[in-house]
Amino acid sequence: MQKHLELLCDYRRYCWNKGLETWQTMYEAHTLNPEDNPSPNERRVRNELVANKEDWQYKLSARCLQLAITDLANAWKNFFDKAQKDWGKPGFKSKKSPKQGFKTDRAKIVNGKLRLDKPRGISQNTWYDLSTFESLKMTEVKVISIFKENNSYYAALPYEQKPIVRYKTHQKTAVDVNVGHFNYTEGKLNVLPTKLQKLYKRIKHYQRMLARKREDNGKLAVKSNKYLEVRTKLQRDYRKAAAIQNDILQKFTTKLINNYDEIVIEDLAVKEMMMTHIASKGMQRSLFSKFRQILTYKCNWYGKKLILADKAYPSTQRCARCGYIKKGAEKITLQGNKKYATKHSEYICYKCGYSNDRDDNAVLNLLELAK
């Protein structure tokens with residue numbers, strides 16, 4: 001069974017790459033001659049791949065190809081969606097990627113276990129139902145995702161559940177996101193705790209070990225048992241770090257939803273803010289975009305109001321008391337203010353004398369947008 005699951009993972013990657021190549025070819029032909037060549041879409045690309053199937057493809061699930069092209073079409077749709085500016089352009093999948101997988105819509109729940117659709121020519125003795133660590137909350141499933149990571153297989157099963165009614169609190173808050181911490185009206189959330197920083201140090205150590213082995217032994221390094229052992233540890237720590245960060249964001253966003261009816265955050269251009277590799281690493285680990293994504297769908301679920309401050313809104317430079325906005329040499333930069341010898345973390349208004357922490361001042365300015 002495991003061998004066939006690996007084949008389906010490879011086949012899914014093949015279908016995605018073939019579909020993306022066909023999509024790009026159709027688009028180039030449409031650009032040169034739009035009258036004779038229609039623009040690519042999900043149906044045309046899928047029909048083209050089905051018409052040119054190889055003999056070996058008929059031994060594998062047809063739904064794997066169709067669902068791969070559906071996901072490809074959704075990826076292009078999200079890429080051109082102006083509301084999702086951080087969504088990247090669809091790219092080719094690599095077999096060297098540590099995470100592989102496929103999708104199916106023919107799985108069933110039988111006696112509390114997950115039963116995948118058995119392919120042709122596979123004996124019933126080698127194809128068995130999969131048990132779960134927790135009792136399944138659904139009796140039927142639609143499209144499930146099977147993915148392989150670190151030589152282990154996982155299944156993601158979506159199900160529908162009515163959201164719990166959240167009562168109105170008539171409270172409002174604002175969140176100022178920074179590298180390493182989020183500030184809001186109740187205090188500060190540390191998104192890079194000590195245990196996470198230790199994990200990243202260990203990840204850096206493993207990455208250097210792998211780089212050193214590749215430098216010394218070239219392509220032969222990836223075949224050694226020691227190299228595979230270190231890579232397994234690296235993947236394990238990456239998975240731990242992702243789980244810790246996701247847990248922090250989920251708990252924090254749930255707290256905001258439970259306690260506030262109006263939430264103000266900044267509409268940041270994250271990609272433009274990544275000036276250096278040091279700053280970009282900190283921003284990626286602080287998960288600005290993921291925080292906004294989680295908070296957005298939770299606000300939609302529970303009927304809360306999410307307010308996005310404009311990118312040009314001077315939350316850092318504006319005085320929360322008198323409204324004076326610093327300009328030119330008065331601005332606070334990453335190095336503070338050289339003209340007045342103030343620190344990066346403090347805000348002093350040169351008009352009314354108001355003094356406060358820079359991040360707390362930004363929170364108060366964002367809170368003004370909720371009035």
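Start at 1 with the first residue, then count along the sequence. Every value quoted in this text rests on a predicted model; they were computed, and no experiment measured them.
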Closest non-hydrogen atom pair between [X] and [Y], with its separation:
X: T126; Y: M1; value: O-CB, 3.3 Å
X: A370; Y: K172; value: CB-CD, 3.7 Å
X: C15; Y: L49; value: O-CD1, 4.2 Å

Quick one: does any side-chain atom of [X] pair with a main-chain N or O of [Y] as donor and acceptor, under 3.5 Å?
X: N300; Y: T296; answer: yes
X: T169; Y: N259; answer: yes
X: Q57; Y: E54; answer: yes
X: N217; Y: L220; answer: no
X: Y324; Y: C352; answer: no
X: N37; Y: H30; answer: no
X: D247; Y: A243; answer: no
X: N47; Y: R43; answer: yes
X: N361; Y: A320; answer: yes
X: T253; Y: Q250; answer: yes

Roughly how far apart are [X] [atom1] and [Y] [atom2], rounded to 0.5 Å?
X: L249; Y: I244; atom1: CG; atom2: CD1; answer: 12.0 Å
X: N183; Y: D357; atom1: CG; atom2: CG; answer: 6.5 Å
X: D261; Y: K304; atom1: CG; atom2: NZ; answer: 4.0 Å
X: Q245; Y: I248; atom1: CD; atom2: CD1; answer: 7.0 Å
X: I307; Y: E266; atom1: CD1; atom2: CD; answer: 13.5 Å
X: L20; Y: K89; atom1: CG; atom2: NZ; answer: 8.5 Å

Lys NZ or Arg CZ of R321 over Y354 ring: under 6.0 Å, within 45°: no

Within 45° cone and under 6.0 Å: K326 NZ/CZ vs Y350 ring: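 Pair K326/Y350 counts as cation-pi.
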
Test side-chain hydrogen bond (donor to acceptor under 3.5 Å, both in side chains) applied to K255 and Y184, step by step: CA-CA 12 Å; K255 180 180 179 180; Y184 67 117; 3.0 Å; yes

Residues that D310 engages under side chain to side chain donor-acceptor pair (under 3.5 Å), provided they are two or more places apart: none

Set of residues satisfying side chain to side chain donor-acceptor pair (under 3.5 Å) with respect to T254, sequence neighbours excluded: K298

Crowding at CG, N52 (>12 non-hydrogen neighbours, <6.0 Å):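 Yes, enclosed.
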
Solution key, residues 141-148 side-chain donor-acceptor pairs under 3.5 Å, sequence neighbours excluded:
none

With sequence neighbours excluded, residues passing side chain to side chain contact (heavy atoms under 4.5 Å, CB included) with N17: R13, F92, K93

Step-by-step side chain to side chain contact (heavy atoms under 4.5 Å, CB included) determination, D129 to L114: CA-CA 6 Å; D129 298 341; L114 177 64; over 6 Å; no

N/O donor-acceptor pairs under 3.5 Å from side chains in residues 64-76, not counting sequence neighbours:
unit_1	atom_1	unit_2	atom_2	d
Q66	OE1	R63	NH1	2.0
T70	OG1	E42	OE2	2.8
T70	OG1	Q66	O	2.9
D71	OD1	K103	NZ	3.4
D71	OD2	R12	NH1	3.1
D71	OD2	R12	NH2	2.9
D71	OD2	K103	NZ	3.1
N74	ND2	T70	O	3.3

Residues S345, D359; criterion side chain to side chain contact (heavy atoms under 4.5 Å, CB included); working and verdict: CA-CA 7 Å; S345 59; D359 298 328; over 6 Å; no

Check: Y27 ring centroid to W23 ring centroid under 6.0 Å: no

If only side-chain N and O atoms count, and only distance matters, is there a donor-acceptor pair under 3.5 Å linking [Y] with [X]?
X: R214; Y: Y227; result: yes
X: D176; Y: N178; result: yes
X: Y313; Y: E368; result: no
X: N33; Y: D36; result: yes

Parallel, tilted or perpendicular: rings of F288 and F182 (30°, 60°):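 Because their plane-to-plane angle lies in the 30° to 60° range, the rings of F182 and F288 count as tilted.
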
Side chain to side chain contact (heavy atoms under 4.5 Å, CB included) between V45 and M26, worked out: CA-CA 8 Å; V45 173; M26 285 185 175; 4.0 Å; yes

Any pair counted as ring-ring contact (aromatic ring centres under 6.0 Å, His included), so long as it reaches residues 32-58, sequence neighbours left out: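 Those involving residues 32-58 are Y11-W56, Y14-W56.
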
Single-linkage hydrophobic cluster, 4.5 Å side-chain cutoff, Y260 and L369 together: no

Step-by-step side chain to side chain contact (heavy atoms under 4.5 Å, CB included) determination, E262 to Q171: CA-CA 7 Å; E262 296 183 36; Q171 300 294 322; over 6 Å; no

